[in-house]
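As the structure is a computational prediction, the values presented were derived from the model and not from experiment. Atom set for the values below is all heavy atoms of this structure, side chains included, hydrogens, waters and symmetry mates excluded.
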Amino acid sequence: MQYRELGKTGVKISEISLGCWTLGGLNWVNGVPNGWANVDEHEASEAIHYAIDRGVNHFDNADVYGNGKAERLLAKILGSKTNEVIIATKVGWFPGTAAHAYEAKHIRHQCEQSLVNLKRDYIDLYYFHHGHFGDNGEYLDDAVGVMYRLKDEGKIRFIGQSAYSHDDFMRLVPKVKPDALQSYCSAKDDKFVAEGTPTRKLLEEYGMSFIAFGPLEQGIMLGKYSASNPPHFEAGDHRANSARFHNENLAYLENKVNQLKNHFGDSVESLARVALQYLLHYNVVGAVIPGFRNLNQVKVNLSAMDKPLTQDEFNLVRSLFAN
């Protein structure tokens with residue numbers, strides 16, 4: 001496993017880390033499905049311990065993943081190893097009884113609850129989970145203030161900002177001054193880390209790391225789904241309503257994946273290597289955080305950990321998705 005510094009913190013995280021959204025299982029927030037198919041605890045445990053044994057030291061979680069279930073399950077599986085790894089979690093999508101999830105007192109409450117869930121005295125990296133701080137940004141100042149107070153109190157070590165647009169990052173980074181940014185990123189859409197883009201310039205100017213979720217396009221980049229036989233998901237699984245699984249997108253990516261197979265091989269390990277190492281080719285990327293359900297998926301992801309793309313391979317992939 002290779003490691004990269006998280007921003008300017010001095011902390012090293014594994015290039016291939018693990019996203020824990022799937023650990024929350026089927027879930028709803030305010031009537032909106034935002035979970036995944038339920039996972040088997042034994043299979044998740046096998047996967048996590050295998051990953052740790054092979055150098056994975058960074059797990060990405062959130063209060064909204066199963067409304068706390070994912071944090072609790074991760075803590076249960078880690079057991080005494082919990083302080084041997086870097087744990088990130090987030091606040092913002094689970095409002096509880098607050099008018100807005102970024103109310104300062106709600107952030108403090110959620111931080112404290114995440115510490116209980118994770119069975120820890122501190123959170124290594126605590127993110128604002130999205131960029132909406134009220135219709136007129138009315139929660140922003142107090143939210144940033146309480147985040148830094150939590151840091152001063154030792155409840156969190158580092159601050160992160162997750163968002164979904166250049167505009168959000170450009171507006172928030174000067175105010176939040178985070179150590180890391182997080183958003184979706186894949187070979188299909190690398191706009192946040194591509195050279196010369198607004199977010200890439202911010203990453204360089206502030207010395208932040210980018211943590212990339214969705215590098216496998218939720219399995220589509222591995223050839224797992226077909227437009228001719230689209231998947232069906234249970235109620236409570238956010239994928240049931242995701243445009244990512246509409247036939248048009250599946251057909252587009254299926255064509256690209258077939259071209260990748262011609263160049264790199266048709267094994268799932270070969271495709272995982274392309275998807276993950278493409279993003280790791282960018283030096284502003286601190287880690288990719290593919291999700292997982294079982295040991296086999298973690299084995300596939302980690303099979304790419306010591307196989308970076310050459311410059312020619314990177315250019316080939318980039319040109320393929322530019323068209």
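At a threshold of 4.5 Å between side-chain heavy atoms, the hydrophobic network of Ile, Leu, Val, Met, Phe, Trp and Tyr places Y3 and M208 in one connected group.
A donor-acceptor contact closer than 3.5 angstrom is absent between the side chains of D179 and T9. Side-chain atoms of E71 and N117 include a donor-acceptor pair closer than 3.5 Å. For the 3.5 Å distance criterion, the side chains of Q182 and Y127 qualify, holding a donor opposite an acceptor. Between the side chains of Y65 and K90, at least one donor-acceptor pair of N or O atoms lies under 3.5 Å. Judged purely by distance below 3.5 Å, without hydrogens or angles, the side chains of H166 and T199 pair a donor atom with an acceptor atom.
Residues W93 and V29 are not in side-chain contact: their nearest non-hydrogen atoms beyond the backbone lie 4.5 Å or more apart. The shortest side-chain heavy-atom distance between D60 and T89 does not fall under the 4.5 Å cut-off. The closest side-chain heavy-atom distance from V176 to I159 is below 4.5 Å. Counting heavy atoms from C-beta outward, K188 and N249 have side chains that approach closer than 4.5 Å.
Of the possible donor and acceptor atoms, none in the side chain of D124 sits under 3.5 Å from a partner among the backbone N and O of A88. Looking only at distances, a side-chain donor or acceptor of T197 sits under 3.5 Å from a matching main-chain atom of K191.
Here the rule is salt bridge (Lys or Arg N to Asp or Glu O under 4.0 Å) with K175, and of D141, D142, D168 only D141 fits it.
Taking every heavy atom of both residues into account, Q277 and A304 meet most closely at NE2-O, 2.6 Å. Of all non-hydrogen atoms in I87 and L78, the two that sit nearest each other are CD1-CD1, 3.8 Å.
Between Y184 and F192, the ring centre distance stays below 6.0 Å. Taking the ring centroids of Y278 and F321, they lie at or beyond the 6.0 Å cut-off. Ring centroid separation for the pair Y282 and F314 comes in under the 6.0 Å cut-off. Checked against a 6.0 Å centroid threshold, the rings of H132 and Y139 do not count as neighbours.
Contact check on D40 versus R293 returns no salt bridge, with no Lys/Arg side-chain nitrogen under 4.0 Å from an Asp/Glu carboxylate oxygen.
Evaluation of the salt bridge (Lys or Arg N to Asp or Glu O under 4.0 Å) rule for R149 yields no partner, not counting sequence neighbours. Partners of F133 by ring-ring contact (aromatic ring centres under 6.0 Å, His included), not counting sequence neighbours, listed by chain and number: Y102, F128. For R318, the salt bridge (Lys or Arg N to Asp or Glu O under 4.0 Å) criterion is met by no residue, not counting sequence neighbours. Every residue meeting the salt bridge (Lys or Arg N to Asp or Glu O under 4.0 Å) condition with E204, not counting sequence neighbours, appears here in chain and number order: R200. Partners of K119 by salt bridge (Lys or Arg N to Asp or Glu O under 4.0 Å), not counting sequence neighbours: none found. For the side-chain hydrogen bond (donor to acceptor under 3.5 Å, both in side chains) test, no residue two or more places apart in sequence or in another chain qualifies with Q297. Residues satisfying the side chain to side chain contact (heavy atoms under 4.5 Å, CB included) test with H49, not counting sequence neighbours, are S45, I77, K81. Applying the side chain to side chain contact (heavy atoms under 4.5 Å, CB included) test to E112 and every residue at least two apart in sequence or in another chain returns R108, L115, K155.
Pairs passing the salt bridge (Lys or Arg N to Asp or Glu O under 4.0 Å) check and including a residue from residues 210-235, sequence neighbours excluded, read E217-R244. Evaluation of the salt bridge (Lys or Arg N to Asp or Glu O under 4.0 Å) test over residues 11-22, restricted to residues two or more places apart or in two chains, returns R4-E15. For residues 260-280, the salt bridge (Lys or Arg N to Asp or Glu O under 4.0 Å) pairs, not counting sequence neighbours, are R273-E313. Sequence neighbours left out, not one pair with a member in residues 246-266 passes ring pair (Phe, Tyr, Trp, His ring centres under 6.0 Å).
Separating the CG atom in L316 from the CD atom in Q259 is a distance of 9.5 Å, to the nearest 0.5 Å. In this structure, the separation between CD1 on I16 and CE on M305 is 7.5 Å, given to the nearest 0.5 Å.
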